[in-house]
Amino acid sequence: MNRKKEAEKVSNTISNDLVLLTIPMRRDMELAAAQLASVIAESMSFYEQQVEEIQMATIEACINAFEHSKSPDQQVFTKFIMRSDELEIKITDQGVGFSHDNRAQQRNNKPDIHPEMRKRGWGLEIIHALMDSVNISSNNNGTTISMVKCKNETDQEDGQE
Amino acid sequence: MNRKKEAEKVSNTISNDLVLLTIPMRRDMELAAAQLASVIAESMSFYEQQVEEIQMATIEACINAFEHSKSPDQQVFTKFIMRSDELEIKITDQGVGFSHDNRAQQRNNKPDIHPEMRKRGWGLEIIHALMDSVNISSNNNGTTISMVKCKNETDQEDGQE
Amino acid sequence: MANKFDIQIRAEKQYAILETAGYLNDALGERLSKEAQELIEKGYTQLVINLDKTALINSIGISILIEIIEALEQRDGTLNFCGLSATQERTFRMMAIAKYAGIFPDEKSAIANF
Amino acid sequence: MANKFDIQIRAEKQYAILETAGYLNDALGERLSKEAQELIEKGYTQLVINLDKTALINSIGISILIEIIEALEQRDGTLNFCGLSATQERTFRMMAIAKYAGIFPDEKSAIANF
Ligand SMILES: Nc1ncnc2c1ncn2[C@@H]1O[C@H](COP(=O)(O)OP(=O)(O)O)[C@@H](O)[C@H]1O
Ligand SMILES: Nc1ncnc2c1ncn2[C@@H]1O[C@H](COP(=O)(O)OP(=O)(O)O)[C@@H](O)[C@H]1O
C-alpha cells in the first residue's frame with residue numbers, strides 16, 4: 001500500500017520477533033546495543049544473571065567491530081531474534097574481516113607479566129563463555145557474529161539467583 | 001565494495017550521528033526505544049531530568065503507534081539524530097494516520113468524573129510538554145512524529161538537579 | 001531493571017501504603033488498581049502510592065491511577081502520592097492530578113498529610 | 001544510569017579503597033589506573049577496588065585492572081576486588097585474575113584479607 005515509504009525503510013519481511021539496531025562506531029554506542037539487549041532479554045523473562053551475560057557478550061562483540069573492523073561506513077548492525085526458548089543476537093560490521101590466522105597481534109600494550117593473565121585477546125573467549133552458541137562468519141566484506149542464549153540452559157541453573 | 005550486503009541492510013548514507021531502531025508492536029518494546037533513547041541522551045551529556053523527559057516522550061510516541069496506528073507490518077521505526085546541541089527522535093509507523101479532526105473518541109473507559117482530570121488523550125500533550133519542538137506528519141500511509149530536545153533549553157535550567 | 005515489576009503493600013490501622021517497583025504501564029496499573037480496590041473494600045480510605053522505585057510510567061498507567069483517585073473520592077477517601085521524579089510530578093500536575101490527590105516527597109509526609 | 005561514571009577514593013592508614021560507579025571501559029579504567037598509581041606512589045601497597053556500582057565492564061577496562069595488579073606486584077602489594085556481580089566474577093576467574101588478586105563479597109572482607 002505504501003511502497004515508497006517501505007523502500008526507504010527496512011523491508012517488511014520483518015516479523016513480530018525481530019528488533020533491528022544500527023549504531024555508529026562512536027564512544028558509548030556499545031552500551032546502546034547492550035541496554036537494548038537487556039530490555040529485550042528481560043521482556044523474554046531471562047534470569048537477571050543471564051541478562052548480564054547477554055549484555056557483556058553484546059558489548060564485547062560491538063567493541064570488536066569498533067576496534068578491529070576498519071569498516072568504511074563506521075556502523076554496526078544488530079539483529080535481535082526473539083524465539084520462545086532463546087534469544088539470538090547477530091552483530092555485523094562491513095569491515096576487513098579476520099580469520100584465526102590473521103588475527104591482529106597484541107598492540108602496543110604493556111607486556112604481560114603472567115602469560116595466563118594476558119591483558120588483551122579475551123573478547124571472543126568471553127563471548128563464547130557467556131553465550132550458549134556462537135558462530136562467526138567473516139570475510140573481506142565484513143564480520144557477523146551470531147550468538148544465542150537459551151532460556152533453560154542446564155549448566156546455568158545452579159548459578160541463578 | 002559489498003553491494004549485496006548493503007542492499008540487505010540500511011543504506012550507507014547513514015552518518016556517525018544516527019542510530020536506527022526497528023521494533024515490533026509488542027509488549028514492552030516501547031521500553032526498548034526508551035532505554036536506547038536514554039543511553040544516547042546520556043552519551044550526549046543531557047541532564048538526568050532531560051533524559052527522563054526524553055524517555056517518557058519516546059514511550060508515549062511508541063504506544064500511540066502501537067495502540068492507534070493499525071499498521072499492517074506491526075512495526076515502529078525510530079531514528080535518533082545526534083547533533084551537537086540537540087537530539088532529534090523520529091518515530092514512524094506505516095499505519096492509518098490521523099488528523100486533528102478524526103482523532104479517535106475515548107474508548108470504553110470509565111467516564112471521567114472531573115473533566116480537567118480526564119483519563120485518556122494525554123499522550124500528545126505530554127510529548128509537547130516534555131520536548132522542545134514536536135512535529136507530526138500523518139496521512140493514510142502512516143505517521144511520523146519528530147521530537148527535538150535541546151541541550152540548553154533555557155526554561156529548564158532551574159529545574160535541573 | 002526497567003521491566004521487572006512488583007507491588008508491596010503495607011496496611012496500617014488508619015492507612016495503607018502501596019509501593020510499586022518497575023515500569024508503570026497498563027499491566028502494573030491494573031494490578032495496582034486491584035490491590036487498591038481490595039483495600040478500599042476492607043474499609044481503607046487513606047492510601048499512599050509510593051512511586052520511588054518506578055522510574056518509568058506511561059499515560060495508560062496514569063489513567064489507572066486516576067481511576068483509583070475517583071474510586072477513593074466516592075468513599076470520601078484520599079490518595080497521596082510520594083516518591084515521584086521531577087518529570088512524573090510535572091506530568092501529574094499537568095493532568096490536574098495534583099488537584100484531586102496529594103503529592104509529597106516521601107512516605108512520612110504523605111502519611112502526615114491525610 | 002549506565003554511562004555516568006565516577007571514582008570515590010577512601011585512603012586509610014594501611015590501605016585505600018577505590019570505588020567505581022558506572023561503565024568500566026577504557027576511559028574509566030584509565031582514570032582508575034591514574035588514581036591507583038598515585039596511591040602507590042604515596043606508598044600504599046594494599047588497595048581495594050569496589051565494583052559494586054559498576055554494572056557493566058568491558059575487556060579493555062579489565063585489561064587496565066590487570067595493569068594495576070601488575071603495578072602493585074612490583075611493590076609486593078596486593079589488590080583485592082569486591083562488589084563483583086556473578087558474571088564479573090566468572091569473567092575474572094576465567095582471565096586468571098583470581099590467581100593474582102583477591103575477590104571478596106564486600107569491603108569488610110576485602111580489607112580483612114590483605
Ligand atoms: N569484527 C572484527 N573485525 C575484524 N577483526 C576482528 C573482529 N573481531 C575480532 N577480530 C580479530 O580477532 C582478534 C581477537 O579478538 P578478541 O578476542 O576480542 O580480543 P582483542 O579485541 O582484545 O584483540 C582481534 O584482535 C582481531 O584481530
Ligand atoms: N501513531 C498514530 N496513529 C494513528 N492515530 C494516532 C497516532 N498517534 C495518535 N493518534 C490519534 O491521536 C489521538 C490522541 O492521542 P494521545 O494524545 O496520545 O491520547 P490517547 O492515546 O490517550 O488517545 C489518539 O486517540 C489517536 O486517535
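In what follows, every chain begins at residue 1, and chains take the letters A, B, ... in the order their sequences are listed. Just so it is clear, the values below take in all heavy atoms, side chains as well, and ignore hydrogens, waters and symmetry mates.
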Practice item. Return yes if a side-chain donor-acceptor contact under 3.5 Å exists between E73(D) and H114(A), otherwise no. Key: yes
Which atom names give the shortest non-hydrogen contact between [X] and [Y], and what distance separates them?
{"X": "R27(A)", "Y": "D26(D)", "result": "NH2-OD2, 3.3 Å"}
{"X": "E52(A)", "Y": "A86(D)", "result": "OE1-N, 4.5 Å"}
{"X": "Y23(D)", "Y": "E30(A)", "result": "OH-OE2, 2.7 Å"}
{"X": "R90(D)", "Y": "A129(A)", "result": "NH2-O, 2.6 Å"}

[X] versus [Y]: any side-chain heavy-atom pair under 4.5 Å?
{"X": "M95(D)", "Y": "I126(A)", "result": "yes"}
{"X": "I60(D)", "Y": "E67(A)", "result": "yes"}
{"X": "S59(D)", "Y": "I63(A)", "result": "yes"}

Starting at [atom1] of [X], measure out to [atom2] of [Y] and round the result to the nearest 0.5 Å.
{"X": "I66(D)", "Y": "R120(A)", "atom1": "CD1", "atom2": "CZ", "result": "10.0 Å"}
{"X": "L56(D)", "Y": "Q55(A)", "atom1": "CG", "atom2": "CD", "result": "4.5 Å"}
{"X": "N58(D)", "Y": "T58(A)", "atom1": "CG", "atom2": "OG1", "result": "12.5 Å"}

- Task: Decide, yes or no, whether a salt bridge links E116(A) with K99(D) under the criterion of side-chain N to carboxylate O below 4.0 Å.
- Result: yes
Which bit of [X] comes within less than 4.5 Å of chain A, counting heavy atoms only: side chain, backbone, both or neither?
{"X": "L65(D)", "result": "neither"}
{"X": "I69(D)", "result": "side chain"}
{"X": "N25(D)", "result": "side chain"}

Okay, I113(A) and chain D: the region with an atom under 4.5 Å from a heavy atom over there is both
